[in-house]
Number of protein chains: 2
Amino acid sequence: MARLKEFDEDRALDAAVDCFWARGYEATSVRDLTDAMGIGGASLYNAYGDKRALFARSLERYANRSMRERIARLEAAHRPKEAIAAFLAEIIERSLKDRDRKGCLLVNSALDVAPHDAAIGKVVAGYLDEIRAFFRRNLDAAHVANADEVSAHLLGVLLGIRVLARTGARRKLLEGVARPALALLETHQ
Amino acid sequence: MARLKEFDEDRALDAAVDCFWARGYEATSVRDLTDAMGIGGASLYNAYGDKRALFARSLERYANRSMRERIARLEAAHRPKEAIAAFLAEIIERSLKDRDRKGCLLVNSALDVAPHDAAIGKVVAGYLDEIRAFFRRNLDAAHVANADEVSAHLLGVLLGIRVLARTGARRKLLEGVARPALALLETHQ
DNA sequence: CGGATTCTGGAACGAACGCTACAAAATTCG
DNA sequence: CGAATTTTGTAGCGTTCGTTCCAGAATCCG
């Protein structure tokens, strides 16, 4: 063996997530990252490869800690229809509380880097499809009609809320976006 | 008077729009712009100010030529409900034909630059609200119930479609997002 | 302890960034 | 034709970019 790392890789990765989340991929410099992560440039390249690889790791960590955690938590605590409603409500609350309008790293990446990087684009599309699958699963369980289309619709509504939130939309607008979608949950087979 | 410009300002502006549209604000360099516009750097700074001012002009031109043109054209050619349906259908068709996934400059800017630039953020929010007003106007004319919320909902759905299109979504998904929203047009007062 | 291996800070790389300075070229007016 | 004014190409400004190199520090195995 040899010398041990002096920093916690996961903790540093969390700092990298915050950087990419707040500023986007292009606008985040390697120096921004090393400063926030509290490590030197050599350590960053030694531990993660390069900026792009670090971004891919950050994306994965964000998906695990934000999206998948939320899905698991809501699905465990609520019945199907309530889980969907709670998901949208939680996103709206977080968006309104989000003073610096970071939005969602997945959505930001979908517009920022996905179109210019096929590999990362596929990863992002896969994460978004996990959200759609969550909707689909719970729509089926609640015997909602047209679950296939409605799950796509709910994903679209979610993404729309995220975009509007980044332009500083108010609560009334965001809830207006969501409410007609929630009404669909009452259309049973 | 003095020496005349050797280039067409509007034509050059169209080239700038294409650059920002395809690559985003940060990822577009001044050299990318001068190359695409066919002018030297001095001419660019002389005619438009700086990169940010050129972006603001590009945004305005895009809004006039893409969004407002579409709204005026569809509103002139269709009855209210058909105008809304045609708007969504046209966005889906364009998104599917858009091989390099440029999406919509307004939506891209809403995530890319709006959160980091308050002035441009307000401009983008204003353009998005013009789209919502188009929905609202036509919902009212068609006596659709809950026009206020439904107009917000349609805007959200539109933005969601734009985001999904940038990750390479297929026709079935995009139409699935739109269809439940279109069904709302049949809920009369 | 000594050799092997890995991690770290600091300096520096070439390239690209947004932008400006400057002088030559082009135009209008007297 | 000049004087005045604006546009143009070129060159270069200082800064920052992502990345690499390297010597030294730290750790494990024998």
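Proteins get letters first, then strands, A, B, ... in listed order; numbering begins at 1 in each.
Judged as a side chain to side chain donor-acceptor pair (under 3.5 Å), the pairs with a partner in residues 124-135 of chain B (not counting sequence neighbours) are, in order, Arg68(B)-Glu130(B), Asp129(B)-Arg132(B), Arg132(B)-Ser151(B).
To the nearest 0.5 angstrom, Ile91(A) atom CD1 is 7.0 Å from Cys104(A) atom SG. The CG atom of Asp98(A) sits 12.5 Å away from the CD atom of Glu93(A) when rounded to the nearest 0.5 Å. Arg94(B) CZ to Ile161(B) CD1: the interatomic distance, rounded to the nearest 0.5 Å, is 14.5 Å.
Between the C1' atom of dC19(C) and the OH atom of Tyr48(B) lies a distance of 17 Å, rounded to the nearest Å. dT28(C) atom C1' lies 9 Å from atom CG of Leu4(B), rounded to whole Å. Residue Lys5(A) contributes atom NZ, which lies 8 Å from atom C1' of dT6(C) at whole-angstrom precision. The distance between atom CD1 of Ile39(A) and atom P of dC7(C), rounded to the nearest whole Å, is 12 Å. Across the protein-nucleic acid pair, Phe55(B) atom CZ and dC19(C) atom P stand 14 Å apart, rounded to whole Å.
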Anything under 3.5 Å between a donor and an acceptor, one on a side chain of residues 152-159 of chain A, the other on a protein residue two or more places apart or in another chain? List them.
from      : atom 1 : to        : atom 2 : distance (Å)
His153(A) : ND1    : Val177(B) : O      : 2.6
His153(A) : NE2    : His153(B) : NE2    : 2.9

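Of the residues in residues 112-123 of chain A, none lies under 4.0 Å from DNA chain C by heavy-atom distance. Near DNA chain C, defined here as any heavy-atom distance below 4.0 Å, there are no residues from residues 6-13 of chain B.
Looking only at side-chain heavy atoms (C-beta outward), Tyr25(B) and Ile120(B) stay at 4.5 Å or farther from each other. In this structure, the side chains of Asn64(B) and Glu60(B) come closer than 4.5 Å at one or more pairs of heavy atoms.
No hydrogens or angles were tested; on distance alone, nothing pairs the side chain of Arg3(B) with the base of dT27(C) as donor and acceptor under 3.5 Å.
Residues passing the side-chain contact (heavy atoms from CB on, under 4.5 Å) test with Ala119(A) are Arg52(A), Asp117(A), sequence neighbours excluded.
In terms of modelled atom types and a separation under 3.5 Å, the side chain of Thr167(B) and the main chain of Leu164(B) share a donor-acceptor contact.
Among the nucleotides dT6(C), dC7(C), dT10(D), the one closest to the side chain of Asn46(A) is dC7(C).
Note on Glu175(B) versus Arg171(B): salt bridge recorded, some NZ/NE/NH1/NH2 to OD/OE distance being below 4.0 Å.
One finds a side-chain N or O of Ser43(B) lying less than 4.0 angstrom from the OP1 or OP2 phosphate oxygen of dT8(D).
Checked options Glu75(A), Glu82(A), Lys81(A); the residue passing with Arg79(A) is Glu82(A) (criterion: side-chain contact (heavy atoms from CB on, under 4.5 Å)).
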Strictly under 3.5 Å: I want the nitrogen or oxygen pairs between protein and nucleotides 15-18 of chain D, one per line.
from    : atom 1 : to       : atom 2 : distance (Å)
dC17(D) : OP1    : Ser29(A) : OG     : 3.3
dG18(D) : OP1    : Thr28(A) : O      : 3.2
dG18(D) : OP1    : Lys51(A) : NZ     : 2.7
dG18(D) : OP2    : Val30(A) : N      : 2.7

